[in-house]
Q: 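Take this structure, written in structure tokens, and hold onto it; I'll ask about it next.
This structure is a prediction, so every number in the text was calculated from the model and none was measured.
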Amino acid sequence: MRLDMGQLMKRVFYPLIIMLAGLMTGCGEEDMPAVVDPEDYGSNTDEPARPEIAADTLYNREAVIPPQCYTKTEGVNNPCYTCHQTYSDPKRPNSMEDGFLQGDYNFSDLGVHNHWSNLFVDRRDDVAGISDGEIEDYVSTDNYSDFIERLQDDENWSGPVPAIEDLADGAAAFDDYGLAKDGSGWVAFNYKPLPSTFWPTNGSTDDVIIRLPERFRTASCGDDVSRFSQDVYFTNLAILEMAMKDLPEISTPLIEENKVCADLNNDGILSEVVSIGARPSYVGAASGQKVERMAYPEGTQFIHTVRYVGFDGDEIVPSKRMKEVRYMKKVKHYSVAELASLYGNERQEKIDGNLPVYSDHGDKGLNNGMGWEVLGFIEDGEGELRKQTYQEQMFCMGCHGTIGTTIDQTFAFPRKVTGANGWGYIDLKGMADAPNMDEKKGEILQYLGRVGGGNEFRENPEMKARWFNEDGSVRESAVLNADVYALITPSRERALALNKAYKIIVDEQSYVYGRDATVVPAKNVFRELDPEKAAPLEAASRVNHWDIRLDW
């Protein structure tokens, strides 16, 4: 296993690509796809060549380098820090320590070519050819429910079925504390989207739902023994949240200690509580399970739906239609020492110039080598959800693998609104621009100034018009007076254009060339780069010890 967000040290040569194609067939349960000749990538012209790529062809061995890694920093703009960090905490399980990659462009010989050529396509004419009514009807159509029925009825499907009744309807599928109404045990939580891929102003809305293994939801005492217990479940979710955020205590929904059979607030009596303290182990049927710092229990699952920008009257909301359904399951727990060894192996493989390889577990998805199986579904040409190809799933591994900022390979849960107020479907209305841990200014305010724009490519004109002065400085007072919803949601006009741009990519089925909903060609992004000539990020623009967790 090897993953990269800007590869290190050595360069690899194209003959190695062909050689590795033969070696990889033994790496998973299914044969790896064929590898396309690099000469077929297309020339560096104004309108990039994008030949049709067969589903079983491995076009881009460096798909783990995401598009934003090719952004021109001009030496001072830093979109890199939200992924690449090094921490002084020696007990932090993520020991990737890749902060030096900020603005460094340490790519392989294959990686210096930007394969995400969809960034450079001018879609203005095609966007103009789609009516507003047509795209509104499209994004408001549920493509999830039928997809789940097809999976459930497919006798040949051996993987997970990421099913939540009425999930297409968003918040309506969950109760006030985020518990799925269908009894499945999935729980929605409110979190601050990571800058800036999942900011609605950049083309997508999303939600993330967690489910702990059954024993974490089951009572072990009282009248409900061996049955589902909401008190046990939300106690364990709170314990996990404290472990993720290094908190000594946390607020909770109302919990009856008698149903948990534990004194959760350490006051010597069993009563109703709305806050609990950190504990060394979980409760209920999981009472023998030790709490691990910054680690999910084995068997933890996530569903992440990526959606169009939807509308509810004048409000921006997650659409019914889903661009993608992403699923993760933690299948193996590693100790801090074992993780340190895995990260060490990763660094050595980068130094050796090895290209990324992942074990393909078929319908269960790709194994990221860090204990997680990652599975993705995406729209087909008719707008119905289908399983992603190996090549398409490699795109996801660039973030859910070995980068320095993740906490147990995830982003969203550590960014949950802390405590009882954070249980429930994602809602950006009224959400404060909370600062990151150990920082004073709001995260979005900091990001806009550090990046010099409203997305990783520094090319969102609406964000620049709203939040920047003519000299390029941030309108700090305006940002301070806005909630997260106001800061990162687009105008209706922009939302419609971005939805249309992505629909064009769906019609083309050109995901191997990128999934960013762009209307005009990117200008602040390298198509080809020479790491030796690209302007290095100046020391004053580097951001050290940035934490994805927030000080709510």
Q: Answer yes or no: is there a donor N or O on one side and an acceptor on the other, between the side chain of D176 and the main chain of G424, under 3.5 Å?
A: no
Q: Identify the heavy atoms of D206 and I426 that sit nearest to each other, and give their distance.
A: O-CG2, 3.6 Å
Q: Between the side chains of E459 and K464, is the shortest nitrogen-to-carboxylate-oxygen separation below 4.0 Å, so that they form an ion pair?
A: no
Q: What do the steps show when you test E62 against S108 for side-chain hydrogen bond (donor to acceptor under 3.5 Å, both in side chains), and what is the final call?
A: CA-CA 9 Å; E62 287 285 32; S108 68; 2.8 Å; yes
Q: Do we get K416 above W552's six-membered ring, with its NZ or CZ under 6.0 Å from the centre and within 45° of the axis?
A: no
Q: Restricting to pairs with a member in residues 437-487, which pass ring pair (Phe, Tyr, Trp, His ring centres under 6.0 Å), not counting sequence neighbours?
A: W199-Y447
Q: Using a 3.5 Å distance criterion without hydrogens, assess whether the side chain of E392 forms a donor-acceptor pair with backbone atoms of T389.
A: yes
Q: Do the side-chain N and O atoms of T518 and R123 include a donor-acceptor pair separated by under 3.5 angstrom?
A: yes
Q: How far does CD of Q68 sit from CG of N524, to the nearest 0.5 angstrom?
A: 14.0 Å
Q: Do NZ/NE/NH1/NH2 and the carboxylate oxygens of K192 and D433 come within less than 4.0 Å?
A: yes
Q: Would you say the side-chain atoms of S473 and N469 include a donor-acceptor pair closer than 3.5 Å?
A: yes
Q: Could you tell me which residues satisfy ring-ring contact (aromatic ring centres under 6.0 Å, His included) with W186, sequence neighbours excluded, listed by chain and number?
A: none
Q: Would you say the side-chain atoms of N78 pair up with the backbone N or O of R450, donor to acceptor, closer than 3.5 Å?
A: no
Q: Please indicate whether D314 has more than 12 foreign heavy atoms, meaning atoms of other residues, nucleotides or ligands, lying under 6.0 Å from its CG.
A: no
Q: One thing to verify: whether K330 and D408 come together as a salt bridge, which I'm taking to mean a side-chain N less than 4.0 angstrom from a carboxylate O.
A: yes
Q: Could you check, using the six-membered ring where one of them is a Trp, whether Y70 and Y105 have ring centers closer than 6.0 angstrom?
A: no
Q: Got a donor-acceptor contact below 3.5 angstrom from the E373 side chain to the N367 backbone?
A: no
Q: Going by an N to O cut-off under 4.0 Å, is there a salt bridge joining R515 and E324?
A: yes
Q: Does the side chain of D551 pick up a donor-acceptor pair with the side chain of N436 at under 3.5 Å?
A: no
Q: Taking the six-membered ring for Trp, are H304 and F198 ring centroids under 6.0 Å apart?
A: yes
Q: Under a 3.5 Å distance rule, please check whether N94 uses its side chain to pair with a backbone N or O of G404 as donor and acceptor.
A: yes
Q: Measuring from atom CD of E462 to atom CG of N455, what distance do you get when rounded to the nearest 0.5 angstrom?
A: 12.0 Å
Q: Go through the side-chain N and O atoms of D207 and T305 and say whether any donor and acceptor fall under 3.5 Å apart.
A: yes
Q: Without swapping roles, check the side chain of R542 against the backbone of Q102 for a donor-acceptor pair under 3.5 Å.
A: yes
Q: If only atom types and distance count, is the side chain of N143 paired as donor or acceptor with the main-chain N or O of M322 below 3.5 Å?
A: yes
Q: So that I can tick it off, tell me whether K429 and D427 are bridged by a salt bridge, with the cut-off set at under 4.0 angstrom between side-chain N and carboxylate O.
A: no
Q: State, to 0.1 Å, how close L537 and S541 come at their nearest heavy-atom pair, and which atoms those are.
A: CD1-CB, 3.8 Å
Q: Using the six-membered ring of Y87, assess whether NZ or CZ of R92 lies under 6.0 Å from its centre and within 45 degrees of the ring axis.
A: yes
Q: Are H115 and Y59, when compared by the centres of their aromatic rings, separated by less than 6.0 Å?
A: yes
Q: Indicate yes or no for a side-chain donor-acceptor contact from N499 to the backbone of V309 under 3.5 Å, with no hydrogens or angles considered.
A: yes
Q: If you count the non-hydrogen atoms of other residues, nucleotides and ligands that lie under 6.0 Å from CG in D530, is the total more than 12?
A: yes
Q: Do we see a donor-acceptor contact under 3.5 Å between the side chains of K329 and T300?
A: no
Q: Quick test of your reading of the model: are R549 and D547 salt-bridged, counting only N-O distances below 4.0 Å?
A: yes
Q: What about the rings of Y502 and Y308, do their centers lie closer together than 6.0 Å?
A: yes
Q: Return the minimal non-hydrogen interatomic distance between T86 and G99, and the atom names on each side.
A: OG1-N, 2.9 Å
Q: Before accepting this row, confirm whether a basic side-chain N of the pair D126/K500 lies closer than 4.0 Å to the acidic partner's carboxylate O.
A: no
Q: Work out which heavy atom in R293 is nearest to a heavy atom in P93; give both atom names and the distance.
A: O-CG, 3.6 Å
Q: Got more than 12 heavy atoms from elsewhere within 6.0 Å of CD, E292?
A: yes
Q: Please report the shortest heavy-atom distance between A238 and T252, naming the atom on each side.
A: CB-CG2, 3.8 Å
Q: Can you name the nearest heavy-atom pair linking A517 to A501, along with the distance?
A: C-CB, 4.2 Å
Q: Less than 6.0 Å separating the ring centroids of W423 and F234?
A: yes
Q: Do you know which of Y327, F411, Y296 makes ring pair (Phe, Tyr, Trp, His ring centres under 6.0 Å) with F302?
A: Y296
